Asks: 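Below you'll find the structure I mean.
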Amino acid sequence: MQHLVKGLNEQQLAAATHINGPLMIVAGAGSGKTKVLTTRIAYLMANGIDAFNILALTFTNKAAHEMKERIGKMLGSNEARNLYVGTFHSVFARILRAEAHQLGYPNSFTIYDSDDARSVIKTVVNELNLDDKHYKPNIVNSRISALKNALIGPADYLNNRAAQEEDTRANRPAIGQIYQSYAARCFKNGAMDFDDLLLKMHELLKNFPPVLHKYQHKFKYIMIDEYQDTNPVQYEITKLLAAANENICVVGDDAQSIYSFRGATIENILQFQKDYEDVKVVKLEQNYRSTKSILHVANHVIKNNTGQIAKDLWTDNAGGEKIKLVRTMTDNEEGKFVADTIKEQKLRNHYTNKDFAILYRTNSQSRAFEESLRRMGIAYKIFGGLSFYQRKEVKDFIAYLRVIANTRDEEALKRIINYPVRGIGKTTIERAVIVANEQNITLWEVFSAAGAYGFKASTLESITNFVTMIRYFQTMLTDKNASDVAVQVGKHTGLVKELFADKSVEGLARYENVQELMNSIKEWTESPDSEDGEVNDKSLGAYLQQITLLTDADNDKEDSDVVKMMTIHGAKGLEFPVVFVGGVEESIFPSGMSINTREELEEERRLFYVAVTRAKTKLWLSFANSRYRFGNLVQNEPSRFLDEMPEDYIDRSYAGGGARNQGGFSNMGTAFERTQRGFGGEAAQAERRYGPPPAKKTQAPAAGTNKPSYMPPPKQAPVVSHTPSGDFVPSDTSNLQAGQQVEHQKFGFGQVTKMEGSAHNPIATVVFKQNGEKKIMLNYAKLRIVE
DNA sequence: TTCTGAGTGCTTTTT
DNA sequence: GCACTCAGAA
């Protein structure tokens, strides 16, 4: 057992060997938190505690995976496989899947991602005849999310004055109504959104005592990572689960709380000591990650925040280099600087690509970096942003799987009912939706009994074929695994064929993505165990349950030698030898959305703290004089956080100001004055270093000069309007022949020169006297046969 | 029913 | 600058 705790310092040892009773670990950045957590779990198991009785909740699937792997290595056995390790969302999804019937959900319930949720909200808002310009899906969605995270369910809302008044004050009095309908619709669809996974879990434990006892008994030891980022629902759930045994261990750092926008509250970690008696508190204050310079800067900046848990983070590591500040003219030059520097550092210090990380506040900043890296031929990977599973073609394919597993899933059904095109268009779907709402049945039930609702013959045939196909797939559910079903779907829906037919560059990429998806399903089916210890359930339902909760960061292949790019939020918990933080400018970092209250600004500052403490040895902070945002050029001042950094630890020689600027930016006058002066000297310096700024794009070059090398395609001649004859009555055109004279309501008189198309979709070519040759689809256009 | 082109509004961070 | 919506044409 001694070998497990070898190399731990005094505090780490105290935390790792604490077995029974509540424990709070305050772990500063880089203080070996993961090491302590994994050691503690291994230690518990070495002391005879069954892996099946240990629950560890992490913030990302990646962290969960890593933890399990490390414990496995420490113990040298397969026992770690039986641990319940996962994110709040994935662990609860799994429990809910087992207990769904208690709450009236099918156990193959769908998990809606934010896209699905927004889409349902849009439908609901329209059905309630509300203005979707005012009740924007995004806003409504985040409001509902906030309510759920604050433990206010749809029914609770009706009795919650404060919440109602808040919405009335925000001039959105119908939020309550939308919330009710949204929740009802999700339930009808057999679907839970991300927040439901928490809210329903809470409901389950709260309202079903036997279920609560079952899981209290199962999870005798509970560990929660990143406790500072838990929200009230998560707090209540863990409190319920831990109530019986009180063997709960939370790990957190109030200085790294950066998820309040998701309902997280720092209160939870501050409250912990009051919730349980005899809480053992351990502070991990020695940083093993960063140089003295980096740590000192981080500590110095975070001191500007009020109300923290007192701690004193220190390190034995080398002093290290000063933090380098970089000013560039534009965002593109910022990208170029970073790419150049990576190249230089690789040569000079023998770094490889994977030693570098580029961090930024917003996903949209990734573009400039991406372009420069590509130009320099440096391999990179962007984490976050649009995940693989959110790509249209991937979602389309998954939508089939979702419908097969859960026909109540209306969002998925609407997505695929006419994809690939099978003649079930908007009108048909709208009619079906109306029927479904009137009869209070699901959309699928309307389609599967389509004969009863008077669709026209050709439409009915399409619907019946579709229903038959889905039913065929469903016959495979019980005895075939997820991959087998997916292969059949690919074959019989014509989806893969359609993508294959598109030979454009994007089309090829889409085809490859779907192939990739099918491969990953196969891989998942064949892998021995999955994220949170699911035992060999390789059914389609099990596959779908975890897929929505996966993010890009989880597919990270550690061994690939690439520069990593991600938001600072995405970088939490990670470390890199060399870190670049881009866009350290006012209105970006801190975000312009978060400078209105002290709380918001302090969270931005914590985020800055997180960014700085990701670096082990070298750190560059860059900002640009101007950058494109919203499609137009904006000027930002350097971030206020730069002014908060201790001067002695900063190297401004890259910032264009050189020695003249040693005093920091605050002595340069107000932002206004600075803009007025136009940065004269600094700009010139930067110009020497990075070359002249790109020439301003000239607007609409004067005629004669600078002629475009091509002429834009000629605009179609405007239609010469035609007033239809007074006796205009559309003729039966089913026997129309070439040579006949016809009249068109808009184009006037003309002669049919050619007939083509199929019998179902005849197309006539008509040469009009006024408007020239047009192709007319006889199914839609109205023609009067003159002779 | 389906496709196209012009017009509009928007971005903070994520499970 | 892009993604989404809507109107109009075939």
Side-chain angles (χ1 to χ4, degrees), chain A residues 57-62 86-93 111-114 117-118 122 132-133 136-139 142 145 149 192-198 226 229-231 233-234 258-264 359-365 367 383-387 390 392 418 421-429 458-459 462 546 548-554 566-572 583 587-595 600 603-604 606-607 610-611 628-633 715-716 719 744-747 757 760-766 774-782:
Chain A
L57 296 170
T58 61
F59 207 67
T60 62
N61 290 306
K62 192 185 171 212
T87 62
F88 279 90
H89 293 266
S90 71
V91 167
F92 295 168
I111 299 173
Y112 277 170
D113 66 14
S114 349
R118 275 194 295 262
K122 224 166 131 180
D132 60 359
K133 290 264 157 25
K136 290 183 190 138
N138 263 330
I139 292 176
S142 51
S145 174
N149 283 319
M192 296 192 198
D193 64 20
F194 286 141
D195 303 309
D196 282 333
L197 294 176
L198 307 177
E226 311 280 13
D229 287 324
T230 53
N231 60 35
V233 208
Q234 292 168 322
I258 54 174
Y259 279 96
S260 74
F261 69 91
R262 220 166 80 187
L359 309 181
Y360 33 78
R361 178 69 240 267
T362 65
N363 280 305
S364 58
Q365 284 168 258
R367 236 180 71 175
F383 294 87
L386 194 64
S387 105
Q390 286 175 305
K392 187 188 170 299
N418 198 29
V421 177
R422 53 173 68 86
I424 307 174
K426 221 167 102 189
T427 333
T428 310
I429 297 170
S458 62
T459 312
S462 304
Q546 47 101 45
T548 319
L549 301 170
L550 283 185
T551 59
D552 267 3
D554 305 323
M566 62 191 86
T567 64
I568 299 162
H569 284 90
K572 196 165 78 141
S587 93
I588 292 184
F589 195 10
S591 159
M593 316 283 280
S594 306
I595 47 174
E600 285 172 351
E603 178 147 322
E604 293 288 311
R606 290 193 293 271
L607 195 55
V610 169
Y628 277 96
R629 252 186 133 192
F630 261 135
N632 41 12
L633 203 63
K715 269 262 178 222
Q716 268 200 326
V719 172
H744 185 274
Q745 273 184 302
K746 277 225 177 76
F747 302 131
H760 296 293
N761 187 22
I763 299 164
T765 306
V766 182
K774 301 267 179 205
K775 290 195 185 262
I776 308 288
M777 294 172 84
L778 297 181
N779 283 354
Y780 308 113
K782 294 182 174 65

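Naming convention: chains lettered A, B, ... in sequence-line order (proteins, then strands); numbering from 1 in each chain. What you see is a predicted model; the values in this text were computed from it and never measured.
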Asks: Return the nearest nucleotide to the side chain of Arg367(A); candidates are dC2(C), dT15(B), dT14(B).
Replies: dC2(C)
Asks: When the distance from CG of Asn363(A) to P of dA3(C) is rounded to whole Å, what number comes out?
Replies: 14 Å
Asks: What's the closest nucleotide to the side chain of Asn138(A) if the choices are dT2(B), dT11(B), dC10(B)?
Replies: dT11(B)
Asks: What are the atom names and distances for every N/O pair under 3.5 Å that joins the protein to nucleotides 5-7 of chain C?
Replies:
from: dT5(C); atom 1: OP1; to: Lys122(A); atom 2: NZ; distance (Å): 2.2

Asks: Does dC10(B) have OP1 or OP2 sitting under 4.0 Å from an N or O in the side chain of Lys136(A)?
Replies: yes
Asks: Do Tyr360(A) and His569(A) have ring centroids that are under 6.0 Å from one another?
Replies: no
Asks: What is the separation between atom CD1 on Ile139(A) and atom P on dT11(B), rounded to the nearest whole Å?
Replies: 8 Å
Asks: In whole Å, I'd like the distance from the CZ atom of Arg262(A) to the C1' atom of dT14(B).
Replies: 5 Å
Asks: Over how many whole Å does the gap from Ile258(A) atom CD1 to dT13(B) atom C1' extend?
Replies: 8 Å
Asks: For Arg118(A), what residues pass the side chain to side chain donor-acceptor pair (under 3.5 Å) criterion, not counting sequence neighbours?
Replies: Asp115(A), Asn138(A)
Asks: Does Phe59(A) lie flat on the base of dT15(B), that is, centres under 5.5 Å apart and planes under 30° off?
Replies: no
Asks: Enumerate, in order of first residue number, the stems that involve DNA chain B, defined as 3 or more consecutive Watson-Crick or G-U wobble pairs with both distances under 3.5 Å.
Replies: B:1-10 with C:1-10
Asks: Using whole Å, what does the distance between atom P of nucleotide dT15(B) and atom CD of Gln546(A) come to?
Replies: 15 Å
Asks: Quickly work out the Asp195(A) CG to dT14(B) C1' distance and round it to whole Å.
Replies: 11 Å
Asks: What pairs with Asp196(A) under salt bridge (Lys or Arg N to Asp or Glu O under 4.0 Å), at least two apart in sequence or on another chain?
Replies: Lys148(A)
Asks: Out of dT15(B), dT14(B), dT11(B), which nucleotide sits closest to the side chain of Ser364(A)?
Replies: dT11(B)
Asks: Without decimals, in angstroms, what is the distance between Asn418(A) CG and dT1(B) C1'?
Replies: 9 Å
Asks: Can you name the side chain to side chain donor-acceptor pair (under 3.5 Å) partners of Thr87(A), sequence neighbours left out?
Replies: Ser90(A)
Asks: Under 4.0 angstrom, heavy atoms only, what part of the nucleic acid is Phe88(A) near: base, sugar-phosphate, or nothing?
Replies: nothing
Asks: Which residues pass the side chain to side chain contact (heavy atoms under 4.5 Å, CB included) test with Ala93(A), sequence neighbours left out?
Replies: Ile111(A), Leu197(A), Gln545(A), Leu549(A)
Asks: Do Lys572(A) and Tyr259(A) pass the side-chain contact (heavy atoms from CB on, under 4.5 Å) test, and can you show the C-alpha distance, the side-chain angles, and the key distance before you say yes or no?
Replies: CA-CA 11 Å; Lys572(A) 196 165 78 141; Tyr259(A) 279 96; 4.1 Å; yes
Asks: Using a distance-only test with no angle check, is there a side-chain donor-acceptor pair under 3.5 angstrom linking Thr548(A) and Asp113(A)?
Replies: no
Asks: Can you check whether Ser591(A) has a side-chain N or O nearer than 4.0 Å to OP1 or OP2 of dT13(B)?
Replies: no
Asks: Where the side chain of Thr428(A) is defined as all heavy atoms beyond and including C-beta, which of dT1(B), dT13(B), dT2(B) is the nearest nucleotide?
Replies: dT1(B)
